[in-house]
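Before any comments, here is the structure.
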Number of protein chains: 2
Amino acid sequence: MSASTDDTARAGVDGGEFRRPTMRDVAARAGVSLKTVSRVVNAEPGVSPALADRVRRAVTELDFRPNVGASSLRRADGKTATVGLLVADVANPFSSALQRAVEDVAMPRGVVVFSASLDEDPERERELARAFAARRADGLILVPASDDQSYLEAEVRAGTAVVCVDRACRGVDVDSVVATNRSGAAEGVRHLFAGGHRRVAFLGDRQSIWTASERYQGYLDAFAAAGLEIDPSIVVHDLTDTGVADGATSTLLTRPNPPTALFTAQNLVTIGALRALRRLGAERTVALVGFDDFPLADVVSPGVTVVAQDPWAIGKLAASVLFSRLAGDTSPTQLHVVPTTLVRRGSGEIPPPH
Amino acid sequence: MSASTDDTARAGVDGGEFRRPTMRDVAARAGVSLKTVSRVVNAEPGVSPALADRVRRAVTELDFRPNVGASSLRRADGKTATVGLLVADVANPFSSALQRAVEDVAMPRGVVVFSASLDEDPERERELARAFAARRADGLILVPASDDQSYLEAEVRAGTAVVCVDRACRGVDVDSVVATNRSGAAEGVRHLFAGGHRRVAFLGDRQSIWTASERYQGYLDAFAAAGLEIDPSIVVHDLTDTGVADGATSTLLTRPNPPTALFTAQNLVTIGALRALRRLGAERTVALVGFDDFPLADVVSPGVTVVAQDPWAIGKLAASVLFSRLAGDTSPTQLHVVPTTLVRRGSGEIPPPH
DNA sequence: CTGTTAGCGCCTTCAA
DNA sequence: TTGAAGGCGCTAACAG
């Protein structure tokens, strides 16, 4: 039952598994040398049509799949036609739009994408970058979870292209693509001021996250420019998911002298605030401006006014930069800045009471 | 400038790139044999602590990264600690929740995930499955876009584990994990009947998609069980994105004798219908039940009643099955069925006029 | 406990 | 235009 007297395509493993056909098998079947098969498979010129045809037939008959790992081992450029993508959470709409954009640039080039979620954990960032490097990804697109990417220097020197997205890389000289977090946040808060609000609460994620602290700076900028004092009791950080954002919003709105408007600095925070507003029946009395757009922001009522980033455009740009580096572009690295836009949908235009 | 007289770590490529250190480099630096390095790197027993330490130091000093491709080439099991995930669209909430679940099962095992979007294109399915196979993914989790996966047979025979999700695989004997599409859809429609509706429209995706046709069957089942006639003029198929779903809903509701309730058979269709309902100011007069839950379904007003699938649970199950197959489970393949649940949120409880 | 030899599947270099 | 030899980085099988 487990005896393997057949030496062509059976593995010795039990369960009746077959050995994958190799170029040698294809060559034998087509009656040519291994190198000729290699030429045909890689579309190298200089093979007579007759031979090429015989090879192609053998390839389909045997269901031959070239082994990219083996070929990159010997190949001059060592490329694997693989890139890695590290985001905060693939289930977050910002991340998944980014991922889709990267895919859309990679696929037409025959490049496949590794992806992984970091959950803002610096250790996971390093582990997964290492895991992708061990699989010899040609490039890495990374939404940094840590504040120092110098651990990537060896990879970069070895020829791995790296692009940081959403937050700039630090400790290593590579390209980054970021949005106008600070000025965009300031614009959102100014919009609330323009509507007559003075008590504008800030709800944001952990300040150790670069974008979170930038957006908080924008909030501060807007207050400073308007000559207004900040009330630290309506500033809340460390909101890491919708649940805690919901709770924090409740607390804020049910205390004495509540804010008349909310600025939520991240999409999950916005959604949490939205839930709280609805539960309290306050969605038409308390103004809300969120940073980062999300699906259905236009369908809830009132629609949610946001400072929108374009994750798809950001991803496209990041991937384009990555591939041009892989193609040999050695110009100085750049920090690419993508503008945000204020999208008025109703929630941000609610006037203060009085 | 491009001369390379240095033979240690410089590549001949211009641009000053460095060759990656190999086990040989580590061995030389630690003053041991290559095999000893291999043992330490792979945590094989039988290396004296002193040597192991020297090796580990050399590894960090050189920033050595083992080459998984090369190792799998020689390794007995040929495994790459890599799985591929093929979904309809990573940017769709159902797909991205699924992806996250797969990741959560894979990561603790040191397995990384390739992912790709198929956009319901059968050709892309085959191309990407082939691309993942060429990189020797140990397993494949697949939301089929085509109705025949027999092209995977060679992979399966070669030992690649395959699990189909959302729709059962056909043409190849592998595990599948699906939801109760037909009975769930019937339950959703029955719920509208129970609320007094008789004119219930069906809005769905292309019937060539297995889940779409199953859900349509459920719609038919509910009508048959209730002894009601179907009005084909309020049945619309081929709704492939939110835009066309929005348009179709508008058309349906602005014609004479419009339906009093909508059954939308996919999350993007539900969202499109929602947009149309709001634009027409009909969200509180026309009932709506959607198949498949989506973020913020509870935040819009009224909340959207849905037949919910649990993509995270489905993904967890699919990944568990995959890894148990990879671990050697050879029991007969199964069709795992995950139940759907009706979630009442308001839109499905709107009564008919009169 | 440590090292040597051979070869995984493929591409490079070079010769016919 | 075709093919033979050698080696990429690593591990299996066997020595010592």
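So that the names make sense, note that chain A is the first sequence line, chain B the second, and so on, each numbered from 1.
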Whole Å only: how far is the CG atom of B:Leu34 from the C1' atom of D:dT11? 9 Å
According to a strict under-4.0 Å criterion, is B:Ser71 in side-chain N/O contact with OP1 or OP2 of D:dC10? no
Just N and O in the side chain of A:Thr36: are any of them under 4.0 Å from OP1 or OP2 of D:dG3? yes
Where each residue is assigned the nucleotide of DNA chain D containing its nearest heavy atom, which of B:Asn42 and A:Arg74 is assigned the position nearer the 5′ end? A:Arg74
Using distance alone, with no hydrogens and no angle criterion, decide if A:Ser96 and B:Arg100 have a side-chain donor and acceptor under 3.5 Å apart. no
Does the D:dG3 base have a donor-acceptor partner in the side chain of A:Arg39 within less than 3.5 Å? yes
Tell me the interatomic distance from B:Lys35, atom NZ, to C:dC1, atom P, rounded to whole angstroms. 15 Å
If I take atom CE in residue B:Met23 and atom P in nucleotide C:dT2, what distance separates them, rounded to the nearest angstrom? 16 Å
Would you mind reading off the distance between A:Arg65 atom CZ and C:dC10 atom C1', rounded to a whole angstrom? 17 Å
Rounded distance in Å - CG (A:Asn67) to C1' (C:dC11): 12 Å
Could you walk me through whether B:Lys316 and B:Val105 satisfy the side-chain contact (heavy atoms from CB on, under 4.5 Å) test, starting with their C-alpha distance in whole Å, then the side-chain angles of each, then the deciding distance to 0.1 Å, before giving a yes or no? CA-CA 7 Å; B:Lys316 278 278 213 185; B:Val105 177; 3.6 Å; yes
B:Phe64 has an atom CZ; how far is it from atom P of D:dG9, in whole Å? 10 Å
Sorted by number, residues from residues 44-51 of chain B placing a heavy atom under 4.0 Å from DNA chain C are B:Gly46, B:Val47, B:Ser48, B:Leu51
Rounded to the nearest Å, what distance is computed from the CG atom of residue B:Asp77 to the P atom of nucleotide C:dC8? 16 Å
Looking just at side-chain N and O atoms, do B:Asp138 and B:Thr80 make a donor-acceptor pair shorter than 3.5 Å? yes
Taking for B:Ala52 and for B:Arg75 the nucleotide of DNA chain C with the nearest heavy atom, the one nearer the 5' end belongs to B:Ala52
With a 3.5 Å cut-off and no angle check, do the side chains of A:Thr82 and B:Arg135 form a donor-acceptor pair? yes
For A:Leu73 and D:dG6, what is the distance between atoms CG and C1' respectively, to the nearest whole Å? 13 Å
Tell me whether B:Asp25 is salt-bridged to B:Arg29, with the criterion being a basic N under 4.0 Å from an acidic carboxylate O. no
Quick one about B:Thr160 and A:Arg20 (side-chain donor to acceptor, distance below 3.5 Å, no hydrogens or angles considered), yes or no? yes
Tell me whether the side-chain N or O atoms of A:Arg19 pair up with the base of C:dG9 as donor and acceptor below 3.5 Å, since no angle test is needed here. no
We want to know whether A:Arg126 and A:Ser146 form a side-chain donor-acceptor pair, criterion being a heavy-atom distance below 3.5 angstrom. no
